[in-house]
Amino acid sequence: MMKILVLNGPNLNMLGKREPGIYGADTLKQLEEGVISAGLKTGMEVVCFQSNYEGALLDEIHSAESRGFNGIIINPGALTHYSIALRDAIAGIELPVIEVHISNVHAREDFRKHSVTAPVSIGQIAGFGFFGYELALHAIKDYIRGRG
Ligand code: DQA
């Protein structure tokens, strides 16, 4: 069974309370339950992790391969736009990484249009709400199959 790590970065623990007009009324728990069950339907084990700390996300990325993961789906939150450390962590591993954003970052403020992590990811999905994580699961499965 393919094993996928789903990472959520800063402020995503506030989903449901945080700017619901942009991010919706559902919580991180609902997001994680949804992506775990979507994974099971397509034969993938999904493990979720959220942190407000950059270093904790880096530790997850560094150890993912040795923990048996086949790929990573990450919503880095605001770190997307400036974290060279996160970019270097993604660039430094062999596993495929897909970047997800709940909102359409390209239709918002200019500073959200730039991602330092997208160039080292296999692709970016933005603007489809929580469903973007499910889309990313299908995409990463297809990518891993094609590579393996
Ligand atoms: C976000 C978009 C980022 O610009 C923002 O800082 C977030 C959430 C999204 O999922 O739409 O925290 O990554």
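Counting starts at 1 for both ligands and their atoms, following the listed order. Start at 1 with the first residue, then count along the sequence.
Residue contacts with ligand 1: Tyr23 is placed with no nitrogen or oxygen under 3.5 Å of a nitrogen or oxygen of the ligand (distance criterion only). Between Asn75 and ligand 1, an N or O atom pair is found at a separation short of 3.5 Å. In terms of N/O distances under 3.5 Å, ligand 1 is not approached by Val100. The shortest N or O to N or O distance between Leu12 and ligand 1 is not below 3.5 Å.
Within 6.0 Å of NZ on Lys113 lie more than 12 heavy atoms contributed by other residues, nucleotides or ligands.
The shortest contact between atom 11 (O) of ligand 1 and any protein heavy atom is with Ser103 OG, 2.6 Å. For atom 9 (C) of ligand 1, the nearest non-hydrogen atom of the protein is Ile102 N, 3.4 Å. Here the heavy atom of the protein found nearest to atom 12 (O) of ligand 1 is Arg18 NH2, 2.9 Å. Looking at atom 5 (C) of ligand 1, its nearest protein heavy atom turns out to be Arg112 NH1, 3.3 Å.
At a cut-off of 3.5 Å, with distance as the only test, no side-chain donor of Glu99 or Thr80 sits close to an acceptor on the other residue.
Heavy atoms from both the backbone and the side chain of His101 come within less than 4.0 Å of ligand 1.
In this structure, Asn70 contributes its side chain and Ile4 its backbone to no donor-acceptor pair below 3.5 Å. With Lys141 contributing its side chain and Thr42 its backbone, the two residues share a donor-acceptor pair below 3.5 Å. Checked by atom type and distance alone, the side chain of Gln50 pairs as donor or acceptor with a backbone atom of Gly9 at under 3.5 Å.
Looking at Asp142 and Arg145, no side-chain N of the basic residue comes within less than 4.0 Å of a carboxylate O on the acidic one, giving no salt bridge.
Between His81 and Phe111, the ring planes lie perpendicular to each other; the angle is over 60°, past the 30° to 60° tilted range.
Residue contacts with ligand 1: Val105 is included, with a non-hydrogen atom under 4.0 Å away. For Glu19, the closest heavy-atom approach to ligand 1 does not fall below 4.0 Å. Distances shorter than 4.0 angstrom do not occur between any heavy atom of Asn11 and any atom of ligand 1.
When all heavy atoms of Ser51 and Leu57 are compared, the pair lying nearest together is O-CD1, 4.1 Å.
Interface atoms of ligand 1 facing His81, defined by a heavy-atom separation under 4.0 Å, are 3 (C), 4 (O).
Taking hydrophobic clusters as Ile, Leu, Val, Met, Phe, Trp and Tyr residues chained together by side-chain heavy-atom distances below 4.5 Å, Val47 does not share a cluster with Val100.
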